[in-house]
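The block underneath contains the structure these notes are about, expressed in structure tokens.
Since the structure is predicted, the reported quantities are computational estimates derived from the model, not experimental observations. In listed order, ligands and their atoms are each counted from 1.
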Amino acid sequence: MNFLRCDCAVIGAGAAGLCAGARAAKGGLTTFVIDRESHPGGVLLQCIHNGFGLHYFKEQLTGPEYAQKSAKMAEEAGAKLLLETFVMEIREEEKQEKTLVLYSGKDGVTLLRAKTVILAMGCRERCRGNLGIPGDRVAGIYTAGAAQKLLNMEGILPGKTAVIAGSGDIGLIMARRLSWCGVKVKLVTEIMPYPAGLSRNIAQCLEDFHIPLRLSTALTGIHGKDRVEYVTIAPLAEGKPDLSREEKISCDTVLFSVGLVPENELSKACKVKLHPVTNGPVADSNCMTNVPGIFACGNVLHVHDLVDFVSLEAERAADHCIEYVTRLRKGEEPVPSGGRHAVVPAGELRYVLPCSCGEGEEVCFSMRSSSVRKKALLRIACGGKVLAEKSLRYVKPAEMISFTLPAEKTASLPEGAELMVTLLPQEENGKEK
Ligand SMILES: Cc1cc2nc3c(=O)[nH]c(=O)nc-3n(C[C@H](O)[C@H](O)[C@H](O)COP(=O)(O)OP(=O)(O)OC[C@H]3O[C@@H](n4cnc5c(N)ncnc54)[C@H](O)[C@@H]3O)c2cc1C
């Protein structure tokens, strides 16, 4: 067994882990970034299209280019990458240290003692089993991300004619990618009355390729002998598939693009409290979970649409790790005592993060709407006083809303009062509905 020690252990070398690792190392922390894969970059490595990095690197990059730049930043800052290394467990044996149990084929088991841990394990895709789609257990059924990896990294075409269930971004990007490779994408079905993916992906990946999107439509079955031969779909009537209008669509491949779930096994096992809507950790405005010294960022915290926001959130997590370790080094309590305010979503918000904030802190809110609106008003209030308002255009569940509340706004809030973040629908003339 090997033993290592560090100030900051980052789990996952995707965009979140690499940017957090770079920032922590630059801030003077001895830092390890650990990933089970042989190359750093996470999901970015299979996203060979461009559209990444405009905010963070101020240039248009492909996924692998973004990954390469982030890995270079981490290594140049002095973070050590431990690749092909799986984090199996996080133990809290001592008050101010966590022990990570690592396994790699090369080194066997290593115990890594860390003052702080940043969870950056990303997320995984929901699949047919999560939806309980009936039919035959045949070849030709993939999650959109698995098909993307197969095609972009292994050079293998998943099939010749495809139906995509769910209009999440990965499915939309795969509709375009498959079309480029000569695969006939017959249609994309979406159970909701609105698309699940970004508007730009609907335009660039479906409309430009004349691929129909059937909204309010369910995939009711997958059929075939050895391989998929056809699927059945039906429009929804009063929330249920109307089987009297069921249609058969022949195809040899079905891709599922029906949402992502944070990789939360490690989080759960080390008693990190999970958020009932995001399924990621409950975190405060410092990206710290309920376990002092364990921080979270990126898709493991909540699913992001844009990698740039993942990197920015990762930097915030690392900044607070640095503060935590600095206080420990000075012999102070690592988490300053002082009033905190619960942050609660209201109106048409599905969720808002962070779940709490402290006095005089700048707070970067991330949230998602529960409905589609052409106009909406975002309001942040505390104890009946409005702290900030912003008019928004075209809010939809698919697009994350970000808003930063300056530190002076949280400077003198009534003790123990909740910070209420509300999304209100608005008429075209700007009045609340
Ligand atoms: C198909 C697709 C298309 C996208 N398109 C765009 C786009 O056009 N523009 C844009 O800005 N964004 C896009 N995104 C979003 C963006 O790429 C992601 O949000 C971001 O890359 C996620 O980074 P992450 O570090 O949180 O997670 P990941 O990249 O998933 O990284 C997590 C890492 O953790 C590792 N890991 C997990 N558990 C363990 C463990 N126990 N031990 C060791 N390692 C572990 C994994 O191996 C992985 O490498 C896209 C995403 C996808 C999936």
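At a heavy-atom distance under 4.0 Å, only side-chain atoms of Q148, from C-beta outward, approach ligand 1. Counting heavy atoms closer than 4.0 Å to ligand 1, residue A16 contributes atoms from both its backbone and its side chain. At a heavy-atom distance under 4.0 Å, only backbone atoms of D305 (N, CA, C or O) approach ligand 1. Residue R200 touches ligand 1 through its side chain alone, judged by heavy-atom distances below 4.0 Å. Residue contacts with ligand 1 for L18 are absent, since no atom lies close enough (heavy atoms, distance under 4.0 Å). If you look at M88 next to ligand 1, there are no close heavy atoms at all, none under 4.0 Å.
Checked for salt-bridge contact, R368 and E348 miss the test: no charged N lies under 4.0 Å from a carboxylate O. E229 and R227 are not joined by a salt bridge, as no carboxylate oxygen comes within less than 4.0 angstrom of a charged side-chain nitrogen. Between K160 and D252 no salt bridge is recorded (no basic side-chain N to carboxylate O distance below 4.0 Å).
On a distance-only criterion, E263 and ligand 1 share no N/O pair closer than 3.5 Å. For A15, a nitrogen or oxygen atom sits less than 3.5 Å from a nitrogen or oxygen atom of ligand 1, counting backbone and side chain alike. Looking at ligand 1, you won't find any N or O of G298 less than 3.5 Å from one of its N or O atoms. Residue-to-ligand polar distances place D35 within reach of ligand 1: an N/O pair is separated by less than 3.5 Å.
Considering L83, L82, T110, V10 as possible partners of I34, the one that fulfils the side chain to side chain contact (heavy atoms under 4.5 Å, CB included) test is L82. When R5, R91, K115 are each tested for a side chain to side chain donor-acceptor pair (under 3.5 Å) with E97, only one passes: R5.
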Run D7 and R329 through salt bridge (charged side-chain N to carboxylate O under 4.0 Å, His left out) and show every step you take. CA-CA 10 Å; D7 293 321; R329 283 180 185 156; 2.8 Å; yes
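Between the choices G168, A120, C47, the shortest heavy-atom distance to atom 2 (C) of ligand 1 belongs to C47. Relative to atom 40 (C) of ligand 1, the option among D169, V87, N201 with the closest non-hydrogen atom is V87.
Aromatic pair H304/F309: centroids not less than 6.0 angstrom apart.
The side-chain tip of K69 points at the ring of F57 from less than 6.0 angstrom away and within 45° of straight on.
Not counting sequence neighbours, F256 has no partner by the ring-ring contact (aromatic ring centres under 6.0 Å, His included) test. With sequence neighbours left out, S370 forms a side-chain hydrogen bond (donor to acceptor under 3.5 Å, both in side chains) with no residue at all.
Looking only at protein heavy atoms, the nearest one to atom 29 (O) of ligand 1 is V43 N, 2.9 Å.
Proximity to I173 (heavy-atom distance under 4.0 Å) selects the following atoms of ligand 1: 3 (C), 5 (N). Each of the following atoms of ligand 1 lies closer than 4.0 Å to a heavy atom of T85: 43 (C).
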